Amino acid sequence: MAELLNGKELAEKMQAEIAAKVSELKEKAIHPGLVVLLVGEESASQVYVRNKERVAKAIGLYSKIKRYPSSISEKDLLAAIQTYNQDPTFHGILVQLPLPEHIDEEKILLAIDPQKDVDGFHPMNLGRLLTGNPDKIPCTPYGIMKLLEAYNIKIAGKQALVIGRSNIVGKPMAQLMLMNDATVTIAHSKTKNLPELARNADILVVAIGRGHFVTKEFIKKGAVVIDVGMNRDENGKLIGDVKFDEVAPLASYITPVPRGVGPMTITMLMYQTVMAAKVGE
Ligand code: GUN
């Protein structure tokens with residue numbers, strides 16, 4: 001039976017350390033600030049943003065949510081980002097995704113000052129990650145690396161399979177695994193024989209957004225299984241991309257959903273915001 005990778009527990013420990021760092025900065029008259037730009041009324045985004053604000057306040061950050069109607073023009077949103085780029089109150093700027101169809105996400109992410117891009121989504125920060133000189137790193141993959149490190153899980157020489165190729169999880173995850181000397185495969189919707197491919201993986205990271213997609217047929221005995229999924233089942237219950245009950249008996253380590261990857265994502269966001277503030281120390 002797998003040992004649980006307890007993201008909630010590690011997140012709480014790291015948040016206490018980050019809170020101590022915030023107190024230190026405040027003594028030097030630096031108050032780390034994070035502004036979250038939320039466009040529209042999407043319910044999942046509302047929940048994510050509220051959770052981020054709750055944690056930000058708990059660790060002593062100055063946190064502000066700026067809400068905009070889904071009808072806001074791209075030009076006005078770009079202007080808002082310019083305002084926050086120039087506002088020294090905020091060391092971190094986060095634009096919650098997804099954005100409405102009429103707004104070009106790439107243009108918006110490019111407009112954020114890379115130094116304030118605490119999500120790590122700016123092409124400059126993604127490029128730095130790719131070339132091996134990272135500054136800001138996308139928070140979900142970063143949090144997963146911290147979780148593996150905390151449980152002393154070795155990566156070098158391992159076969160890692162990342163299922164999902166998004167810019168914010170799959171691709172940066174694969175790159176972080178590569179930087180830590182894993183042999184990395186990225187699978188996606190066109191991949192053939194996925195269960196067979198997955199059975200070669202010592203470390204399996206699943207980020208496809210389909211509830212209970214990964215079954216026991218995907219699992220090599222003793223594999224480390226990381227579930228990034230946050231889906232609702234037909235009863236509205238939060239479920240991962242992995243069928244936990246049948247996978248856990250085969251795995252050596254597994255993240256639960258909830259209380260696995262999610263709390264680590266938020267924690268790394270706070271960490272990168274405080275680090276951005278520390279630059280002005
Ligand atoms: N949408 C889903 N996850 C995220 C995230 O980590 N950051 C932002 N900005 N938007 C998201």
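From a predicted model like this one, the values you see are computed outputs, not experimental measurements. Just so you know, ligand 1 is whichever comes first in the structure, and atom 1 is the first atom listed for that ligand. In what follows, residues are counted from 1 in the order of the sequence shown.
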(request) Decide whether the shortest distance between a heavy atom of K52 and an atom of ligand 1 is less than 4.0 Å. (result) yes
(message) Quick check: F121 and ligand 1, any N/O pair under 3.5 Å apart?
(response) no
(message) Test your reading of the structure: does T265 have an N or O sitting under 3.5 Å from an N or O of ligand 1?
(response) no
(request) Check whether more than 12 heavy atoms from other residues, nucleotides or ligands sit under 6.0 Å from atom NZ of K220, and answer yes or no. (result) yes
(message) Do N133 and T131 pair up side chain to side chain, a donor and an acceptor below 3.5 Å, judged on atom types alone?
(response) no
(message) If you compare all heavy atoms of P98 against all heavy atoms of E42, which two are closest, and at what distance to 0.1 Å?
(response) CD-OE1, 3.9 Å
(request) Show which atoms of ligand 1 fall inside a sub-4.0 Å distance from at least one heavy-atom site of V95. (result) 8 (C), 9 (N)
(request) Looking only at protein heavy atoms, identify the closest one to atom 1 (N) of ligand 1 and say how far it is in Å. (result) L97 O, 2.9 Å
(request) Please indicate whether any nitrogen or oxygen in I168 is less than 3.5 Å from any nitrogen or oxygen in ligand 1. (result) no
(request) Around atom 4 (C) of ligand 1, find the nearest protein heavy atom and jot down its residue, atom name and distance. (result) Q96 NE2, 4.0 Å
(request) Answer with yes or no whether the side chains of R128 and N125 bring together a donor and an acceptor at under 3.5 Å. (result) no
(request) Please report the closest heavy-atom contact between F213 and I208, naming both atoms and the distance. (result) CD2-CD1, 3.0 Å
(request) Would you indicate which of L109, I266, D119, L94 comes nearest to atom 6 (O) of ligand 1 when only heavy atoms are counted? (result) D119
(message) Strictly below 4.0 Å, N to O, side chains only: are K21 and E24 in salt-bridge contact?
(response) yes
